[in-house]
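One structure is given below, encoded as structure tokens.
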There are 2 protein chains.
Amino acid sequence: MASPPIPIQSETCPAHCRQCRLRKTDAFSPVTDGELEFIYQLRKGVIQVEAGRDIISEQKSTDKIYTLYAGWAFRYKTLSDGRRQIINFLLPGDLVGLQEKFADGATSGVQAATDAVLCAFPQDGLWELFRNHPSLGYDVTWLAAREENMLDENLLTTGRRNATERVAMLLLHLFRRAKRVSLIQDGEIDFPFSQQHIADALGLSLVHTNKTLRRLHRMGLHEIRDGRLRLLNPKALQEIADYYDKPARQVPLL
Amino acid sequence: MASPPIPIQSETCPAHCRQCRLRKTDAFSPVTDGELEFIYQLRKGVIQVEAGRDIISEQKSTDKIYTLYAGWAFRYKTLSDGRRQIINFLLPGDLVGLQEKFADGATSGVQAATDAVLCAFPQDGLWELFRNHPSLGYDVTWLAAREENMLDENLLTTGRRNATERVAMLLLHLFRRAKRVSLIQDGEIDFPFSQQHIADALGLSLVHTNKTLRRLHRMGLHEIRDGRLRLLNPKALQEIADYYDKPARQVPLL
DNA sequence: CGGTAGATTGAGAGTCCTCAAGCTCTGTGG
DNA sequence: CCACAGAGCTTGAGGACTCTCAATCTACCG
């Protein structure tokens with residue numbers, strides 16, 4: 001189904017990280033010129049991946065780490081009979097492939113949900129980064145811990161929330177994250193996921209996901225149309241999910 | 001239910017990290033004398049926590065990071081109506097509280113499952129660590145990524161494995177981890193968990209957990225007695241869980 | 001010897017799953 | 001311009017897995 005990424009000369013990512021579109025938003029913590037230059041030197045290319053293709057294969061190991069520059073992606077694992085669990089969704093600014101680097105043999109795949117653009121860094125440059133720029137190393141840990149926090153929440157969701165609560169949770173969570181990186185327009189965010197994606201992220205079947213989604217929609221809580229999501233009653237969703245937003249902070253960007 | 005930790009002058013942890021019992025095993029990667037001295041200087045005490053008490057509260061924030069020195073613990077989150085999800089189990093050598101440091105407001109509690117001994121480090125010493133000893137910073141990231149890998153697997157478990165597979169998975173996983181840090185004797189490991197713990201870790205009800213556990217036991221796959229676990233047929237468990245051990249590696253120890 | 005925590009078992013209910021079919025929309029080819 | 005195929009969404013029905021309720025049993029403790 002999913003094939004290896006196709007490296008393409010991309011025009012969507014500027015030549016130098018100084019012009020990086022992401023850094024111009026206030027979503028990411030500023031870095032010094034020296035750090036930025038180091039990041040730029042460390043970067044070993046930009047790749048573009050079509051929607052539905054694997055950025056990192058669940059089977060093979062990579063020698064690269066990526067920062068997602070544009071698009072949506074998700075990390076997943078599958079059982080040998082094909083059951084798939086989406087571990088987490090990835091948005092611009094997220095680090096991709098850090099787990100793989102330290103994987104104790106365990107593996108997860110990363111797939112592009114939309115056409116995506118990523119900045120590639122050599123895995124073995126990571127040590128250099130820690131040594132030369134401890135603050136960037138600190139940032140990497142920051143990002144790892146932050147992702148872990150999201151996984152904590154996902155575990156609580158799949159383990160202890162029922163179907164309705166799970167769906168409410170997912171809508172809130174993705175909306176909030178997209179908003180943080182300015183992927184919001186007219187109160188809507190891009191929502192390029194199929195119901196199968198949602199089901200796989202929540203540990204539900206496709207059919208039950210559909211029925212739950214319908215119910216929330218009939219209740220006037222949300223609307224998904226033309227690949228865009230709008231929350232019509234975030235408050236009610238929060239109460240259903242028992243999940244309340246914390247103010248968004250700036251996060252590091254590699 | 002769970003109260004704050006009681007700092008006690010402990011005799012179980014030697015005066016200097018040089019004598020650390022854990023470091024004498026081959027489970028952890030060696031560090032230089034300088035690093036060890038730094039770790040020792042950074043350490044701000046040893047605390048002892050009774051079984052069932054919180055090491056880190058789910059509500060309040062800490063200013064400490066710990067390394068679990070002896071005993072079992074677990075990290076958990078709860079919904080406001082009391083439903084609890086155990087995120088991960090913690091064994092000697094595991095870092096405790098790193099998530100909290102970087103928590104974007106999100107919180108999880110850590111509770112001692114047995115009487116436990118922990119080495120405490122000030123949270124704000126972390127930056128110092130990254131700056132003065134990048135290799136230790138690298139290690140911290142290593143540990144964070146490794147825990148994330150475990151969470152990935154847990155998510156796959158709660159999301160996509162059925163009750164039987166989940167229980168098989170948990171038994172294998174805990175057994176393997178305990179074995180790695182030499183908590184094994186005569187082919188058995190300490191298993192201080194109630195069925196409620198198992199249920200909360202797997203996202204199952206207590207009753208169903210019991211029935212599933214019984215079934216596996218009747219099939220002759222495992223035995224839990226007097227707080228100890230023995231795997232009678234690891235191969236069968238592996239096939240049920242669709243989970244196959246990777247060779248254990250040395251991991252960093254802070 | 002009562003009291004409590006944890007384990008065990010049965011029974012009935014409910015959530016969620018699988019199977020199956022129909023629908024909408026889009027892109028392709030005749 | 002329409003037929004057709006494919007992907008994704010929707011809905012109904014029956015069944016399976018898991019949950020809740022409730023009671024019993026054991027071990028341990030003061």
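Proteins get letters first, then strands, A, B, ... in listed order; numbering begins at 1 in each.
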Rounding to a whole Å, what distance do you find between [X]:[atom1] and [N]:[atom2]?
X	N	atom1	atom2	value
B:Arg215	C:dT9	CZ	C1'	13 Å
B:Arg218	C:dT8	CZ	C1'	11 Å
A:Leu202	C:dC16	CG	C1'	13 Å
B:Phe193	C:dA7	CZ	P	13 Å
B:Asn210	C:dA7	CG	C1'	6 Å
B:Leu213	C:dT9	CG	P	11 Å
B:Phe191	C:dG6	CZ	P	14 Å
B:Asp200	C:dG6	CG	C1'	14 Å

NZ or CZ of A:Arg230 within 45° of A:Phe191 ring axis and under 6.0 Å: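 No, A:Arg230 does not sit over the ring of A:Phe191.
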Quiz item: cation-pi between B:Arg177 and B:Phe89, 6.0 Å / 45°: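 No - B:Arg177 does not lie over the ring of B:Phe89 by the 6.0 Å and 45° rule.
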Distances under 3.5 Å only, N/O to N/O: pair up the protein atoms with those of nucleotides 17-19 of chain D.
| from | atom 1 | to | atom 2 | distance (Å) |
| --- | --- | --- | --- | --- |
| D:dT18 | OP1 | B:Ala163 | N | 3.1 |
| D:dT18 | OP2 | B:His208 | NE2 | 3.3 |
| D:dC19 | OP1 | B:Ser205 | N | 3.1 |
| D:dC19 | OP2 | B:Ser205 | N | 3.0 |
| D:dC19 | OP2 | B:Ser205 | OG | 3.0 |

Pair A:Thr158, B:Thr158: side-chain N/O donor-acceptor within cut-off below 3.5 Å: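 Yes, B:Thr158 and A:Thr158 have a side-chain donor paired with an acceptor closer than 3.5 Å.
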Exercise: do B:Glu100 and B:Ser108 side chains pair donor with acceptor under 3.5 Å: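 Present: a donor and an acceptor within the cut-off.
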Phosphate contact (C:dA7 OP1 or OP2) by B:Arg214 side-chain N/O below 4.0 Å: no
D:dT10 phosphate, OP1 or OP2, under 4.0 Å from A:Gln195 side-chain N/O: yes
Mutual orientation of the aromatic rings belonging to B:Phe193 and B:His197 [parallel < 30°, tilted 30-60°, perpendicular > 60°]: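 If you compare the ring of B:Phe193 with that of B:His197, the planes turn out perpendicular.
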Check ion pair B:Arg160-A:Asp200 (N to O, under 4.0 angstrom):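 Between A:Asp200 and B:Arg160 there is a salt bridge, with a charged N closer than 4.0 Å to a carboxylate O.
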